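Proteins get letters first, then strands, A, B, ... in listed order; numbering begins at 1 in each. On a predicted model such as this, the values are computed, not experimentally measured, just so you know. The analysis underlying the following values was restricted to heavy atoms, covering all of them including side chains, and did not include hydrogens, waters or symmetry mates.
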There are 2 protein chains.
Amino acid sequence: MAKAPKNAISPTRAEDYPEWYQQVIRAADLAENSPVRGCMVIKPWGYQLWENMQRALDDMFKATGHQNAYFPLFIPMSFLEKEAEHVEGFAKECAVVTHHRLEPDPEGGLRPAGELEEPLIVRPTSETIIGATYAKWVQSYRDLPILINQWANVVRWEMRTRMFLRTAEFLWQEGHTVHATEAEAIEETEKMIDVYADFARNWMAMPVTIGAKTPGERFPGAVETLSIEAMMQDRKALQAGTSHFLGQNFSKAQEIVFQSESGSREYAWTTSWGVSTRLVGALIMTHSDDDGFVVPPRLAPIHIVILPIYKEESRSAVLEYIDSLATALRDQSFHGAPIRVEVDDRDMRGGEKKWHHVKRGVPIRLEVGPKDMEKDSVFLARRDLGKSVPMPRQELIANVVELLDEIQQSLYDKADQLRRDNTVTITNEKDFRDYFTPQDPESPEIHGGFAWCHFADEESLQPLLKELKVTIRCIPREANDASGTCFATGKPAAKQAIFAKAY
Amino acid sequence: MAKAPKNAISPTRAEDYPEWYQQVIRAADLAENSPVRGCMVIKPWGYQLWENMQRALDDMFKATGHQNAYFPLFIPMSFLEKEAEHVEGFAKECAVVTHHRLEPDPEGGLRPAGELEEPLIVRPTSETIIGATYAKWVQSYRDLPILINQWANVVRWEMRTRMFLRTAEFLWQEGHTVHATEAEAIEETEKMIDVYADFARNWMAMPVTIGAKTPGERFPGAVETLSIEAMMQDRKALQAGTSHFLGQNFSKAQEIVFQSESGSREYAWTTSWGVSTRLVGALIMTHSDDDGFVVPPRLAPIHIVILPIYKEESRSAVLEYIDSLATALRDQSFHGAPIRVEVDDRDMRGGEKKWHHVKRGVPIRLEVGPKDMEKDSVFLARRDLGKSVPMPRQELIANVVELLDEIQQSLYDKADQLRRDNTVTITNEKDFRDYFTPQDPESPEIHGGFAWCHFADEESLQPLLKELKVTIRCIPREANDASGTCFATGKPAAKQAIFAKAY
Ligand SMILES: [Zn+2]
Ligand SMILES: [Zn+2]
């Protein structure tokens with residue numbers, strides 16, 4: 001008889017981190033590659049995660065005064081031509097619609113027909129089409145601010161794709177706002193990166209650092225790009241959300257002009273901000289382990305799964321007991337919504353069923369059989385801890401909300417610990433090189449971390465960064481007042497940046 | 001001084017119905033045409049309606065056991081080639097992606113580059129791409145049923161577009177299910193058309209008839225297409241939702257095969273069903289009047305708008321009074337969600353402000369000034385009735401939920417009355433011709449209605465129907481047992497169908 005594997009996911013993180021990531025997605029039924037190059041199918045379990053993220057973010061956007069709207073999928077090519085810088089940065093690899101008809105070809109197949117006068121680009125982002133619309137909407141200061149968000153699919157023709165992290169088509173939201181003053185636009189930019197950080201920390205249980213991008217890392221056309229950066233378990237950084245202060249750059253390109261209260265004609269100030277299904281990838285890599293996906297309770301599609309254990313003669317008694325337990329749990333509210341409980345009574349081997357839910361990351365698993373019933377008790381396993389303990393039913397019912405909060409917090413703490421363990425301050429180039437060079441040739445994937453370094457000049461660092469495949473993640477907002485000397489050049493440096501390898 | 005127009009919308013329905021429709025959309029700020037041919041911008045007020053529709057439908061889908069997922073935007077051309085009949089019906093006019101890059105052209109503009117080996121079609125509907133995925137998922141009867149819905153954008157290259165009713169890009173949901181037995185798939189098809197009818201009647205306050213399409217009007221490839229048909233105010237029919245029983249046609253084309261409990265290999269039975277942003281157009285044309293949009297409370301983005309009326313010295317007292325009133329209203333729940341109240345304290349002329357909300361269709365408008373406060377009363381206007389009455393504050397607070405339900409019901413009743421007034425039974429061709437020929441050359445748009453007629457053979461009616469621009473809407477499920485004779489041929493006929501002009 002074959003020995004049971006120690007872990008549900010093979011390879012483990014230590015064995016092959018990138019492959020582990022793919023296997024977690026597969027084992028948890030989150031998504032799969034589609035027959036269309038670079039596009040994925042988001043399966044129900046993965047899509048529910050995205051829906052839960054959407055709901056939470058959407059509520060936060062609305063609470064900060066934003067409304068949703070919807071703009072066209074297509075952007076006329078001429079819109080991108082108008083904006084050289086934008087074209088440079090974004091529109092190179094994109095899906096181009098050139099025909100509007102299919103007709104039978106002589107070989108019995110189909111061929112494109114009806115060539116368009118002007119090609120249409122499937123939106124890689126919507127600044128240009130939304131800006132052109134805003135230019136019509138904005139006449140007077142009374143029309144401002146415009147605070148609009150769009151939930152949409154976008155397409156960027158990526159050559160190397162990885163599910164959730166980088167796909168040709170992905171789902172996202174893009175906020176696009178217009179303001180009468182620079183100060184108000186900057187305030188909006190900051191407000192939205194704070195919303196993202198709040199969401200990452202309190203819903204995703206994912207620690208993030210808020211910071212500003214250096215000029216070389218900014219969104220094309222932005223005056224300032226703020227981002228939240230998270231550390232994955234392989235110690236790489238993942239940019240989880242960005243908020244751009246666009247100054248008057250886009251309003252000048254798109255003629256978003258308003259008459260001020262004093263009667264003058266002025267260019268408006270704009271911002272844009274977005275997060276995408278990439279967050280699902282971030283969530284997977286922040287919490288999952290060698291047994292599969294781990295999901296924080298606040299985003300979990302199901303909080304608690306109950307597995308009945310019975311022989312035929314005890315069946316109805318056990319199911320009745322479980323039914324009443326499930327009701328008592330569902331009657332309680334966890335952060336404003338009823339606790340989500342699934343009773344899994346499928347005809348399946350117990351071990352297989354247990355592992356099904358472990359791999360999918362359900363936060364709490366309860367097993368209930370006749371013996372548990374006798375003791376008016378359940379067998380409880382926390383996904384984050386991985387061990388089972390008996391618990392009196394009444395105690396569970398009384399403490400379930402607290403327990404879910406505790407799991408949420410423990411996931412955050414664990415991720416935070418990893419980040420602290422792998423964050424260093426580096427003051428010279430030798431240490432920097434050592435830090436970002438894999439020590440263990442057996443597992444080159446996991447090394448390094450976040451290096452806080454004073455730096456003087458982004459340009460001069462490029463050869464070193466390119467060599468080591470390191471990027472400047474951000475100039476963190478927190479604790480960044482003390483000046484020092486550049487780790488590479490020794491020149492005086494006003495600020496520290498976080499350097500890391502990144503997704 | 002110019003005389004104030006009698007109505008806020010010009011032209012009126014009687015004067016020019018199609019133009020009235022466009023003007024209602026404009027006056028209510030629901031949507032506008034975009035710079036991209038045939039695509040619209042859905043503005044916040046219109047998008048909130050769609051969000052409210054989505055939320056209600058999504059809850060109903062989940063309550064009937066469905067889950068959401070997401071499939072690629074693009075469909076490889078070869079997928080459509082495989083299915084001749086499907087191509088015939090759908091894929092002719094569509095957006096074809098042929099290149100994946102833009103590069104600078106010699107004249108300083110851009111041009112498509114990177115030709116794809118195989119063109120990609122922007123999905124006009126997703127049967128083929130979803131079916132190909134299901135073929136991989138389904139192996140055994142244990143994998144069935146698959147009950148999945150997708151919220152998505154789709155593109156059909158329409159030549160003549162009209163906002164919400166027919167646009168090149170539109171938003172919709174498409175359910176795609178797979179079953180082990182024919183009976184179960186038929187049950188699903190019926191269940192979902194019932195969900196749509198429930199939604200139309202109880203949320204949209206829109207009476208609909210459930211029926212089956214005749215063979216000539218079916219979805220290409222469907223064995224049976226069920227639809228809900230509503231009557232617009234110009235007496236035309238609008239198909240508001242469809243549910244298709246696809247038999248084994250799609251599973252055979254896509255090899256969706258499963259091993260049955262007894263071990264045999266069988267083709268699965270599939271269904272698909274969908275509604276789209278077209279429903280917003282249906283809502284507009286069902287309830288709006290010559291003063292603009294009218295929206296049933298259950299879908300209204302805002303239930304109640306409060307307009308403060310004050311001079312500078314009474315300002316703070318009035319606003320305080322209103323604030324407490326708004327809180328008392330928001331504390332109440334209308335069909336499971338808090339009552340949505342907006343206080344509009346913008347600096348704007350009172351008449352302009354009032355008409356702003358009338359045109360946008362807010363169900364209840366309250367005006368509150370110092371004199372009302374003295375009487376502890378408000379001035380209340382129902383959008384559906386159009387007249388204002390004073391009402392004691394306590395009475396309003398005590399009865400507001402009932403009042404909203406009353407408005408909802410009265411809108412339904414009014415629409416139902418229109419439909420009853422314009423539904424006839426016709427038994428001969430002369431009456432049929434008379435009914436569907438405009439009597440008033442001044443307003444040819446509004447005439448006809450729903451004609452219930454026994455008919456023997458769809459084919460033989462085509463010349464007559466084509467001449468009069470009438471279509472067979474459906475064979476209604478209700479009251480359709482008595483046989484008779486065909487209105488056109490006099491042959492024995494088992495069933496009645498509803499004949500109407502249609503959107
Ligand atoms: Zn762009
Ligand atoms: Zn199709």
Original post:
Looking only at heavy atoms, what is the nearest atom pair of B:His99 and A:Thr98, with distance?
Top reply: ND1-CG2, 3.9 Å

Original post:
Does A:Glu261 CD have over 12 foreign heavy atoms under 6.0 Å away?
Top reply: no

**OP:** Might you point out which heavy atoms bring B:Ala69 and A:Ile42 nearest each other, and give the distance in Å?
**Re:** CB-O, 3.3 Å

**OP:** Tell me, for A:Met159 versus chain B, whether the close heavy atoms (under 4.5 Å) come from the side chain, the backbone, both or neither.
**Re:** side chain

**OP:** Output the option from A:Arg346, A:Lys62, A:Glu118 having the highest count of non-hydrogen pairs under 4.5 Å with chain B.
**Re:** A:Lys62

Subject >> Largest heavy-atom contact set with chain A, pairs under 4.5 Å, which of B:Pro35, B:Ala31, B:Pro76 >> reply: B:Pro35

Original post:
A:His100 and side-chain hydrogen bond (donor to acceptor under 3.5 Å, both in side chains): which partner among B:Arg156, B:Arg37, B:Glu93?
Top reply: B:Glu93

Subject >> Least distance between heavy atoms, B:Pro112 atom then A:Met77 atom >> reply: CD-SD, 4.3 Å

Subject >> Toward chain B, the part of A:Leu120 with a non-hydrogen atom under 4.5 Å >> reply: side chain

**OP:** Below 4.5 Å from any heavy atom of chain A, which atoms of B:Gln48 appear? Answer side chain, backbone, both or neither.
**Re:** side chain

**OP:** Sort A:Pro72 into side chain, backbone, both or neither according to what part of it lies under 4.5 angstrom from a heavy atom of chain B.
**Re:** both

Original post:
Between A:Phe74 and B:Trp157, what is the ring plane arrangement, given parallel below 30°, perpendicular above 60°, and tilted in between?
Top reply: tilted

Subject >> Under 4.5 Å from a heavy atom of chain B, the part of A:Glu169 involved >> reply: side chain

**OP:** Examine the side chains of B:Glu51 and A:Asn68 and answer whether a donor and an acceptor come within less than 3.5 Å of each other.
**Re:** yes

Subject >> Over 12 foreign heavy atoms within 6.0 Å of CZ, B:Arg330 >> reply: yes

**OP:** I would like to know whether A:Val122 and B:Leu73 meet side-chain contact (heavy atoms from CB on, under 4.5 Å); could you show each step before the answer?
**Re:** CA-CA 10 Å; A:Val122 178; B:Leu73 171 67; 4.0 Å; yes

Original post:
What parts of residues 137-151 of chain B touch chain A if we use heavy atoms and a cut-off under 4.5 Å?
Top reply: B:Trp137, B:Arg142, B:Ile148

Original post:
Closest approach of B:Arg123 and A:Asn153, non-hydrogen atoms and distance?
Top reply: NH2-ND2, 3.6 Å

Subject >> Among A:Cys39, A:Ser34, A:Pro44, A:Ala95, residue most engaged with chain B (heavy-atom pairs, under 4.5 Å) >> reply: A:Pro44

Original post:
Are side-chain heavy atoms of B:Leu102 and A:Leu80 found at a separation under 4.5 Å?
Top reply: yes

Original post:
Would A:Tyr70 and B:Val41 satisfy side-chain contact (heavy atoms from CB on, under 4.5 Å), going step by step from the backbone distance to the final call?
Top reply: CA-CA 6 Å; A:Tyr70 189 77; B:Val41 172; over 6 Å; no

Original post:
Using non-hydrogen atoms only, which part of B:Asn33 is less than 4.5 Å away from chain A: side chain, backbone, both, or neither?
Top reply: backbone

Original post:
Which residue out of B:Lys43, B:Arg111, B:Met40 racks up the most heavy-atom pairs below 4.5 Å with chain A?
Top reply: B:Lys43

Original post:
Does some side-chain heavy atom of B:Lys136 sit less than 4.5 Å from a side-chain heavy atom of A:Glu32?
Top reply: yes

Subject >> B:Gly109 backbone acceptor or donor facing A:Glu81 side chain under 3.5 Å >> reply: no

